[in-house]
Amino acid sequence: MLDQETMLREKVDELERQGRYYDMVAPLEELVGLLSVRCSGGGCHTAKETPEYAATLDRLGGLHRNLGNLERSYSIYQEAVRTSATVFGTNDPNYATTLNNYAGLLRLRKEFAAADTAYEQAERIYDATLGPNHVLTVSCLNNRGLLRQDQQLFNEALQLHQEALARLRSQPGNEVAQATTLNNLASVYAKLKDYEKARSYMEQASEIYERTVGKQSDLYLGQIHNLASMQALSGDYQGALTRFEWVAQRCREMFGPRSDNLVAVLKNLEAIYSRLGMDEKATEAHAELEKIQG
């Protein structure tokens, strides 16, 4: 008979495989609570300073971040960073991973200076322990490039993403990381209004995602949303509509009916419906947006 911890882990992993991220919250919260207290003999004692607790906190913080629950994610990551430093030490790749993930939250909160510091610290640890071409080291380059995009520093962003792609291509494998980097480059070119180059990078990335992670993946979902956005920018509204509708339904299934991911897609759908003269559909999209945003 499986113990409670094993059952919770298996449930969370299965929900993740199914792409049901919204449904992961409750069992993952329960698992964190379980790991925070260990029972032995006649009583319980706290046992928070364990690798399992540190890693599960990081996972929970990342889940809330991806679902748009930024305040909840922030409080979790405060503990996750402290716990990871205690458990692994501040020169360990596991600690760097928590920092890298935490920096992603700080970027979403627009705390750009703090995010940059955390990314750079994580990159230094990865570089020293895993080497400059390791996929985790390169992830920090990519993340710093995304941060520069947020800051409207597009030339710096291009340099960081191009360096990331060159390092990844110097090593065999890591196709998903290459696709992510191609997509990051496409994002920069789109913001520079070079839509032809942006779409070329997106199509390369889309082929890799579909082949390697499949259509159920959140990576593929994000890619199709980006392709739809590019089609809309280039005037292919009908093609964009088909993709946006697919993405909206997958967002409801994966992230729940009130997620920030769904809000972004619904805004695009409302605009496309209006552009195509589909007023009833535009009204429905607007009503769903109002319901989510209160």
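Note that these values count all heavy atoms, side chains included, but never hydrogens, waters or copies made by symmetry.
Counting heavy atoms from C-beta outward, Asp58 and Val81 have side chains that stay 4.5 Å or more apart. With contacts defined as side-chain heavy-atom distances shorter than 4.5 Å, the pair Asp116/Glu120 qualifies. Within the 4.5 Å cutoff, no side-chain heavy atoms of Asn226 are placed close to those of Met230.
A donor-acceptor pair shorter than 3.5 Å cannot be found between the side chains of Gln223 and Glu210. With 3.5 Å as the limit, one finds a donor-acceptor pair spanning the side chains of Asn100 and Ser139. With no hydrogens or angles considered, no side-chain donor-acceptor pair links Asp127 and Thr137 at under 3.5 Å. For the residue pair Glu253 and Gln249, a side-chain donor N or O sits within less than 3.5 Å of a side-chain acceptor on the partner. Checking His225 against Asn268 by side-chain atom types alone, a donor-acceptor pair falls below 3.5 Å. With hydrogens and angles left out, the side-chain atoms of Gln18 and Glu14 include a donor and acceptor closer than 3.5 Å.
Nearest heavy-atom pair, Ser73 versus Leu105, reported as atom, atom and distance to 0.1 Å: OG-CD2, 3.5 Å. Nearest heavy atoms, Phe255 versus Asp218: CZ-CB, 4.4 Å. Contact record, Arg243 with Ala228: CB-CB, 3.6 Å, taken as the closest heavy-atom pair.
In this pair, Tyr189 and Tyr201 present their aromatic rings parallel. The plane angle is below 30°, not in the 30 to 60° band.
Salt bridge status for Lys11 with Glu30: absent, with no side-chain N to carboxylate O gap under 4.0 Å. Under the 4.0 Å criterion applied to side-chain N and carboxylate O atoms, Arg59 and Glu16 are assigned as salt-bridge partners.
Residue Phe244 holds its CZ atom at 12.5 Å from CD of Glu270, rounded to the nearest 0.5 Å.
Taking the ring axis of Tyr74 as reference, the NZ or CZ atom of Arg109 stays within 45° of it and closer than 6.0 Å to the ring centre.
Within the 3.5 Å criterion, the main-chain N or O of Arg72 finds a donor-acceptor partner in the side chain of Ser75.
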